[in-house]
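Small disclaimer: the values here were computed from a predicted structure and weren't measured. Just the heavy atoms: all of them, side chains too, but no hydrogens, waters or symmetry mates, feed the values below. We count residues from 1, following the sequence as given.
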Amino acid sequence: MYPARRGKHKIFIGMAPGVGKTYRMLEEAHALKEEGIDVVIGLLETHGRKETAEMAEGLEILPRASIPRGNLMLTEMDTDAILARSPQLVLVDELAHTNVPGSPREKRYQDVEIILQHGIDVYSTMNIQHLESLNDLVARITGVVVRERIPDRILDDADEVVVVDVTPETLEERLLEGKIYAPQKIQQALNHFFQRRNLVALRELALREIADNVEEEARELGASFANGATLQGEFCNIQERVLVCVSTYPNSLQLLRRGARLANYMNAPLFAVFVADPDRFLTKEESLHIDMCEKLCKEFEGTFIRVTSSNIAKAIAEVAQKYHITQIVIGESQRSRWQLFLRGSLTQKLVKLLKNVDLHIIATDKKMYSENGD
């Protein structure tokens, strides 16, 4: 029988070993202990780092469990001892660790789930490369296939996630000063995982992952205030997202390229939308053109969206809202001044329908595209 209250889980995450996740966790533990919180260390991995070991001084450390393995006696976190001690808060280092064979559970994060179910709060640490969904991407960046992984739901379900961030330059300095690995491992680390380009990419991954989580939480908070409740201020997208509006006009390829460049500058996901008129069939040439736009969009690793609607502006606005678009790329109107006066332009309609979205109106060569319409 578990207590009614599930423990709260706070994760300290960083781009690589040595950024200071464990140190920061210990710092906060000391502050909470001074406030009277019963906090213990369930598992600490100092990796021989003097500063980390010194920061742990003064905190209660629970003994590890001994597990025989052949002629060796290995140790792991003693989850049963933590449950028996039943502190208010337990610190668990290296969440993605795989336990020694013969342990009650395969992974350390599974032990943490048991502890949380017993109403004990947990502070834990992990690096961004240990997140399951990023495994392939991290392997492409670093050339290293990370074996120690945790499911994304562990991070998603955490009550709080703290990014412990330092610049790649600072991390390299710490490495060279021997604060991360022993001297004989420093050059090997610099030549492989700790290459500057790897650290830059991993840092960006960590920051983006947390930004996405914050944005998702804000979205859920906004949804919870629906149905008449009041939310102070409007939801604000944190990550830029670019949407290119393509049509049967030849300039759509130009718009896609411009949108792709914009997305690249902003490091933003790229989307493209084509709105089909239900009362009009596309010619074979037009269908081939739209297929070409979709192919080009996918070459830019974008998402191509097809919708059917007789109201183009409304359909684009709905797509923008659904995908949380922040930037829209659209071609300038091909209509005559007289047609614009009578019927208005697509751009004018989008301005009225969309809030907090930037519109990029791309000029086209009128000699090349002499057809009328938006």
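Under a 3.5 Å cut-off, the side chain of Lys33 and the backbone N or O of Gly58 do form a donor-acceptor pair. For the pair Asp111 (side chain) and Thr79 (backbone), a donor-acceptor distance under 3.5 Å is absent. Distance alone, capped at 3.5 Å, is enough to place a donor-acceptor pair between the Ser252 side chain and the Ser247 backbone. Panel note: side chain Asp78, backbone Ala81; a donor-acceptor pair is recorded below 3.5 Å. Formation of a donor-acceptor pair under 3.5 Å by the Glu106 side chain with backbone atoms of Thr98 is not found in this model. Side-chain N or O atoms of Glu172 include none that pairs as donor or acceptor with a backbone N or O of Glu169 at under 3.5 Å. Arg49 places a side-chain N or O within 3.5 Å of a backbone atom of Ile180 that can act as its donor or acceptor partner. A donor-acceptor pair under 3.5 Å is formed between the side chain of Arg108 and the backbone N or O of Asp93. The backbone N or O of Val19 lies less than 3.5 Å from a partner atom in the side chain of Arg174, making a donor-acceptor pair.
The hydrophobic cluster containing Met77 does not contain Ile67, counting ILVMFWY residues as joined when their side-chain heavy atoms lie under 4.5 angstrom apart, directly or transitively. Residues Ile37 and Val162 share a single hydrophobic cluster, defined by chaining ILVMFWY side chains whose heavy atoms lie under 4.5 Å apart. Note on Leu74 and Val92: separate hydrophobic clusters, where clusters join Ile, Leu, Val, Met, Phe, Trp and Tyr whose side-chain heavy atoms are under 4.5 Å apart, directly or indirectly. Note: the hydrophobic cluster containing Val144 also contains Met126 (ILVMFWY, side chain heavy atoms under 4.5 Å, direct or indirect links). If you chain together hydrophobic residues whose side chains sit under 4.5 Å apart, Val200 and Leu190 never meet in one group.
Side-chain atoms of Gln187 and Asn191 include a donor-acceptor pair closer than 3.5 Å. Under 3.5 Å, the side chains of His9 and Glu113 contain no donor-acceptor pair of N or O atoms. Side-chain contact, His289 with Glu294: no donor N or O sits under 3.5 Å from an acceptor N or O. With no hydrogens or angles considered, a side-chain donor-acceptor pair links Glu240 and Thr326 at under 3.5 Å. Side-chain N/O atoms of Lys21 and Asn127 include a donor and acceptor closer than 3.5 Å.
Contact detail for Ile328 and Leu354: the closest heavy-atom pair is CD1-CD1, 3.3 Å. Annotation for Leu256 and Cys293: closest pair CD1-O, 3.3 Å, computed over non-hydrogen atoms. Contact detail for Leu270 and Ala263: the closest heavy-atom pair is CB-CB, 4.1 Å. Here the closest non-hydrogen pair linking Val244 and Gly259 is CG2-CA, 3.7 Å. In terms of heavy atoms, Leu175 sits closest to Ala189 at CD2-CB, 3.9 Å.
Checked options Leu43, Val122, Ile150, Ile120; the residue passing with Val112 is Val122 (criterion: side-chain contact (heavy atoms from CB on, under 4.5 Å)).
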message = Quick one, His130 with Glu94, criterion side-chain hydrogen bond (donor to acceptor under 3.5 Å, both in side chains). Give me CA distance, side-chain angles, the key distance, then yes/no.
response = CA-CA 10 Å; His130 294 131; Glu94 299 192 357; over 6 Å; no
ask   = Are Leu359 and Gln327 close enough, and set up right, to give a side-chain contact (heavy atoms from CB on, under 4.5 Å), and what steps lead you there?
value = CA-CA 6 Å; Leu359 288 178; Gln327 312 284 330; over 6 Å; no
task = Run the numbers on Asp38 and Arg85 for salt bridge (Lys or Arg N to Asp or Glu O under 4.0 Å), then give the verdict.
result = CA-CA 10 Å; Asp38 181 18; Arg85 169 65 175 76; 2.7 Å; yes
Derivation of the side-chain contact (heavy atoms from CB on, under 4.5 Å) call for Val273 and Phe304 = CA-CA 6 Å; Val273 60; Phe304 195 86; over 6 Å; no
request  = Please test Tyr249 against Glu286 for side-chain contact (heavy atoms from CB on, under 4.5 Å), starting from the C-alpha separation and ending with a verdict.
outcome  = CA-CA 8 Å; Tyr249 290 107; Glu286 288 173 333; over 6 Å; no
ask   = Should Asn198 and Thr142 be marked as a side-chain hydrogen bond (donor to acceptor under 3.5 Å, both in side chains) after you check the CA-CA gap, both sets of side-chain angles, and the distance that decides it?
value = CA-CA 6 Å; Asn198 290 352; Thr142 64; 5.5 Å; no
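Note: Phe271 and Tyr323 have tilted aromatic rings, judged against thresholds of 30 and 60 degrees for the angle between ring planes.
Lys10 forms a cation-pi arrangement with Tyr123, by the criterion of a distance under 6.0 Å to the ring centre and an angle within 45° of the ring axis.
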